[in-house]
Amino acid sequence: MEIKLKKKIKNLQEEVLFKFSDFKEDIEDYRLKSGDYEANKKVIAISSRCIRCNLCVDECPVDAITSSKSTKIPKVKDNCVECEICTQTCPISCIYFMEATSIINEENDEVEYFLKEKKVPHRLLRMENIDVNLETCSSCGTCSKFCPTKAISLKDKSIIEAAEKKSFPDLEDRKYPYVKKSLCIGCGSCVNLCSEHAIHLERTLGPIIETKLLDINQDICVGCSLCEENCPVEAIRLKNGNVVLDNKLCIKCNVCSTKCPVNALSLKNKDY
């Protein structure tokens with residue numbers, strides 16, 4: 001997915017300056033002279049298609065995603081370190097990792113925005129077993145509403161008894177959730193949203209796929225310890241003047257490489 005947008009510099013400046021109502025009369029005096037400029041940034045966006053499974057929240061190593069509810073999707077917080085684990089983990093691929101470029105071209109009086117989705121592989125996710133405790137279920141239907149594969153549907157008690165070859169004599173005559181296990185992908189949306197904790201899920205979540213490599217140049221390292229001090233998962237340290245990396249802890253984020261004052265650390269994409 002690629003998105004390209006253009007906007008006139010004059011229009012953009014007026015929108016910004018208009019917010020400062022005290023300066024409306026002198027708006028000409030406050031126009032900005034920017035010159036040609038280009039900026040690159042990475043953006044993580046969560047689509048409204050989110051199924052509220054909270055897998056991204058649970059797997060984020062730096063607690064950078066707010067918890068979701070049936071009425072709202074999760075949000076990425078400012079402390080995100082761009083490790084891409086959430087994108088790998090999302091079971092329906094609704095978390096996009098975008099490479100954004102902004103270009104100011106004064107000659108054409110335009111600002112151009114380019115957004116390009118970075119392709120990220122997905123971890124293995126598989127349902128092993130799922131059960132619904134019909135005795136504690138309130139039949140609210142939220143689980144079936146957000147199930148991405150329509151594996152959960154509300155059925156009469158008699159239909160569920162026939163399908164599961166069980167008897168539920170104490171249940172009221174109302175509709176209850178029935179899980180068609182062949183369709184369930186183990187995302188856990190139903191578990192996360194169930195207010196009665198009536199659903200039990202066992203699943204397999206595969207390891208994180210390594211898509212980046214951290215290159216360390218020991219020769220130009222100055223031993224400033226900024227990498228060690230800023231690593232969010234304590235995966236890097238200095239020992240006898242050398243940088244030592246614990247690959248089992250390292251999440252391949254952007255922190256140490258951006259903090260290094262001499263570019264002794266660089267994060268490179270790996271051909272996965």
Side-chain angles (χ1 to χ4, degrees), residues 1-5 7 16 38-103 111 113-125 142 145-148 185-193 203 205-214 227 229-236 249-260 265-270 272:
M1 179 174 64
E2 294 186 28
I3 301 172
K4 181 179 180 180
L5 302 170
K7 198 158 194 173
V16 174
E38 180 176 330
N40 296 288
K41 187 178 180 181
K42 294 177 180 177
V43 179
I44 295 179
I46 301 178
S47 167
S48 58
R49 296 187 295 109
C50 172
I51 56 174
R52 281 70 163 176
C53 66
N54 261 13
L55 259 179
C56 59
V57 179
D58 297 338
E59 290 297 305
C60 179
V62 294
D63 190 28
I65 306 178
T66 62
S67 183
S68 64
K69 296 181 180 179
S70 60
T71 54
K72 67 176 184 179
I73 64 174
K75 291 183 179 180
V76 180
K77 298 190 287 189
D78 293 338
N79 62 315
C80 172
V81 294
E82 301 174 5
C83 65
E84 303 176 13
I85 292 176
C86 59
T87 311
Q88 286 194 23
T89 305
C90 180
I92 63 164
S93 303
C94 78
I95 303 180
Y96 301 103
F97 196 89
M98 310 291 289
E99 295 174 333
T101 303
S102 304
I103 301 175
V111 181
Y113 302 95
F114 298 91
L115 288 171
K116 183 178 181 180
E117 181 185 359
K118 181 181 177 182
K119 297 299 181 182
V120 177
H122 281 80
R123 303 164 66 182
L124 169 71
L125 178 64
T142 305
K145 178 182 177 181
F146 285 94
C147 179
I185 60 174
C187 68
S189 173
C190 54
V191 178
N192 182 51
L193 294 173
R203 65 185 171 204
L205 180 61
I208 298 166
I209 302 169
E210 192 174 89
T211 62
K212 293 172 285 187
L213 296 172
L214 183 63
C227 55
E229 293 171 4
N230 287 279
C231 179
V233 292
E234 300 182 355
I236 197 166
L249 293 178
C250 180
I251 58 175
K252 306 301 186 292
C253 67
N254 69 341
V255 176
C256 64
S257 57
T258 56
K259 295 291 183 181
C260 181
L265 303 170
S266 60
L267 197 63
K268 298 179 179 180
N269 289 329
K270 178 182 178 181
Y272 59 79

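Reckoned from all heavy atoms, side chains included, excluding hydrogens, waters and symmetry mates. Bear in mind that the values here come from a model prediction, so they are computed numbers and not experimental data. Positions are given from 1, in the same order as the sequence printed here.
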Counting only N and O atoms by type, is there a donor-acceptor contact under 3.5 Å from the side chain of [X] to the main-chain atoms of [Y]?
X      : Y      : result
Thr211 : Lys270 : no
Arg52  : Leu193 : no
Lys118 : Phe97  : no

Do Lys42 and Asn254 have side-chain N/O donor and acceptor atoms under 3.5 Å apart?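 The answer is no; no qualifying pair exists.
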Output the distance between atom CG (Asp58) and atom OG1 (Thr89), rounded to the nearest 0.5 Å.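 These two atoms lie 9.5 Å from each other.
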Would Cys227 and Leu265 count as a side chain to side chain contact (heavy atoms under 4.5 Å, CB included) if you check the C-alpha gap in whole Å, the side-chain angles of each, and the deciding distance to 0.1 Å? CA-CA 9 Å; Cys227 55; Leu265 303 170; 3.6 Å; yes
Decide side chain to side chain contact (heavy atoms under 4.5 Å, CB included) for Leu214 and Cys256; before the verdict, give the C-alpha distance in whole Å, the side-chain angles of both, and the deciding distance to 0.1 Å. CA-CA 9 Å; Leu214 183 63; Cys256 64; 3.7 Å; yes
Of Val57, Ile73, Asn54, Ile51, which meets side-chain contact (heavy atoms from CB on, under 4.5 Å) against Ser68?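 Testing Ser68 for a side-chain contact (heavy atoms from CB on, under 4.5 Å) against Val57, Ile73, Asn54, Ile51 leaves exactly one candidate, Asn54.
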Between Lys77 and Asp63, is a side chain to side chain contact (heavy atoms under 4.5 Å, CB included) present by the stated rule, with each step listed? CA-CA 8 Å; Lys77 298 190 287 189; Asp63 190 28; 3.8 Å; yes
Can you check side chain to side chain contact (heavy atoms under 4.5 Å, CB included) on His122 and Gln88, steps first, answer last? CA-CA 4 Å; His122 281 80; Gln88 286 194 23; 5.8 Å; no
Evaluate the side-chain proximity of Lys252 to Glu210: yes if any heavy-atom separation is below 4.5 Å, no if none is.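 Touching, per the 4.5 Å side-chain cut-off.
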Within a strict 4.5 Å, meaning less than it, do heavy atoms of the Thr101 and Lys4 side chains meet?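 No. Closest side-chain heavy atoms not under 4.5 Å.
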Are there over 12 heavy-atom neighbours, none belonging to Lys259, within less than 6.0 Å of that residue's NZ?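 Check fails, neighbour count at 12 or below.
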